[in-house]
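Worksheet: one structure, shown below.
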There are 2 protein chains.
Amino acid sequence: MVQRGRRTARVSGDERQDAILLTAEALLGERVFDDISIEDLAAGAGISRPTFYFYFSSKDEVLLALLDRVITEVEHRIAALPREFHSDPAGSWTRSIGMFVDVFASHRGVSTAAIAARARNDEVRALWSKSMQSWADFSTEVIRSERARGAAPDGIDAYDLAVSLNLMNERVITAVINQESPAIAESRALEVLATIWIRSIYGSVHPGRL
Amino acid sequence: MVQRGRRTARVSGDERQDAILLTAEALLGERVFDDISIEDLAAGAGISRPTFYFYFSSKDEVLLALLDRVITEVEHRIAALPREFHSDPAGSWTRSIGMFVDVFASHRGVSTAAIAARARNDEVRALWSKSMQSWADFSTEVIRSERARGAAPDGIDAYDLAVSLNLMNERVITAVINQESPAIAESRALEVLATIWIRSIYGSVHPGRL
DNA sequence: CGAACACTCAACACGGTGTTGACTGCGCCG
DNA sequence: CGGCGCAGTCAACACCGTGTTGAGTGTTCG
């Protein structure tokens, strides 16, 4: 694995940086962010605590990097999603929401820690805000388009509705993946969320029928 | 509920305890919980740091006491609410949700800090869970009753729906009172939340019409 | 009056964060 | 080939916030 001699005698910086991120994600799987010390991260990456500061300026920077990866994954998967809201509104919304459920569930520790860190760290808050904003904007556009073709009723502002539904998803998904109480079963989460989105966007049990 | 230290009330003692709580709530109005030290609370109450520990065993205990007061207020106001879901479903839901918006908005600092502390503190989590549970149970009962009288359609489980909507409220209210971005205007929050509740519970823009 | 109780705090122990400054080995350029 | 520079490393230190100890104070009541 770690080859010595010729080109790179010492373990490269990039490997160390990755090792820190890897350690952090692993530890977040078993402990809360607050209970992980920089010492833990350094030890996991095989370096001393001061050396950690060569790679990241704080524990929060590590979390920020981890969050950035998760958000990038979401963006790629959003882009890959088929856009069939006119022909299959229920299925399209469900697939979009399901994508969020999948990604956040598979990065439980990072998502949870980032959402908590938002309250105290400006960079984390900014990054999360930016993403929420773009998801809300996307939802708003689709709602407006559904209203324009007469499939969904007017009423409350489309943006307000989109923001509220996205915030609901954030909170419900967090509760589900952390098995909070009260929460709902992970197996039913997607169905429940999709139903609430559809009923509140289309004002009816069946999308498209006014 | 949260009681420690002295038993018989020597005047200055109880005043001190109140002074700590008062200081905490005041400071939470201007700073994040993490940025308030026990030193700050002690100074605000006119005592030294070790003396603080005579009244509370940690900063989290103070928050717990504060949260307890807020929850008690919510419970009293829930109990005082008229139950007119059959005759005026939209108004009844709106009044219930509005009560939560009011109470949490008027205790912005405490609510926000408690919700954040939930992630690391067992007692805070337990207290919050207990309350969320009872609000979700209440909502579930009303939904079931509305379904029973034929005003609301079946579909997803009433409890799952109730939990999700309550979680949405928690998150949207938090975003609104902290002026997060994205969030919605405080003036429209109640209308938006009520609309989502009604549409998703009654499966229609107009409650009662199936 | 003295014992018990409510209350107070200086001083300490501890754990975590972030910084300093000295050191090592590799690569490259003159 | 030799020395300079830089990526990388860490022991030791400074600092801050938490929680504990133990020695006090004044008050009340039997």
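A, B, ... follow the sequence lines: proteins, then strands. Residue 1 opens every chain.
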Exercise for the section: Return the value, rounded to whole Å, for the distance between atom CG of A:Leu63 and atom P of C:dT17. Expected result: 14 Å
Handout entry: Atom-pair distance (CZ on A:Phe56; P on D:dG8), nearest Å
Key = 13 Å
Exercise for the section: Using atom OH of B:Tyr53 as one end and atom C1' of C:dC12 as the other, report the distance to the nearest whole Å. Expected result: 14 Å
Practice task
Pick base, sugar-phosphate or nothing for B:Ser37, based on heavy-atom distances below 4.0 Å to the nucleic acid.
Solution key: sugar-phosphate
Practice task
When you get a sec, tell me which of D:dT9, C:dA11, C:dG18 is the closest nucleotide to the side chain of B:Pro50?
Solution key: C:dA11
Exercise for the section: Taking only the side-chain heavy atoms of A:Thr51 (C-beta and beyond), determine which of D:dT9, C:dT17, D:dG19 contains the nearest atom. Expected result: D:dT9
Exercise for the section: Using atom CD1 of A:Ile20 as one end and atom C1' of D:dT9 as the other, report the distance to the nearest whole Å. Expected result: 12 Å
Problem - base_contact_polar (D:dG17 base, B:Arg49 side chain, donor-acceptor, <3.5 Å) - result: no
Problem - Over 12 non-hydrogen atoms of neighbours within 6.0 angstrom of CZ in B:Arg69 - result: no
Problem - A:Ile173 versus A:Phe104, closest heavy-atom pair with distance - result: CG2-CB, 3.8 Å
Problem - Polar pair under 3.5 Å, donor/acceptor by atom type, side chain A:Arg16, base D:dG8 - result: no
Handout entry: Phosphate-side-chain proximity, A:Tyr55 and D:dT9, N/O vs OP1/OP2 below 4.0 Å
Key = yes
Problem - Closest contact, heavy atoms only, A:Asn178 versus A:Arg108 - result: OD1-NE, 3.3 Å
Exercise for the section: With the side chain of A:Ile38 defined as its heavy atoms from C-beta on, choose the nearest nucleotide among D:dT9, C:dT8, C:dT17. Expected result: C:dT17
Completion exercise
From CD of A:Glu39 across to P of D:dC10 the rounded distance in Å is 11 Å
Practice task
Heavy atoms only: give me the nearest B:Arg95-B:Pro82 pair and the separation to one decimal.
Solution key: NE-CG, 4.1 Å
Practice task
Round to a whole Å and report the spacing from CG of B:Asp40 to C1' of D:dT18.
Solution key: 13 Å
Problem - salt bridge (Lys or Arg N to Asp or Glu O under 4.0 Å) between B:Arg118 and B:Glu170, worked out - result: CA-CA 13 Å; B:Arg118 203 177 36 181; B:Glu170 177 198 308; 3.2 Å; yes
Exercise for the section: Output the single nucleotide from C:dC9, D:dT9, D:dT18 whose closest atom is nearest the side chain of A:Phe54. Expected result: D:dT9
Practice task
Using atom CD of A:Glu15 as one end and atom C1' of D:dG8 as the other, report the distance to the nearest whole Å.
Solution key: 13 Å
Exercise for the section: Find the distance A:Ile47:CD1 to D:dG8:P and express it as a whole number of Å. Expected result: 11 Å
Practice task
Answer yes or no: does a side-chain N or O of B:Ser48 lie under 4.0 Å from OP1 or OP2 of C:dC9?
Solution key: yes
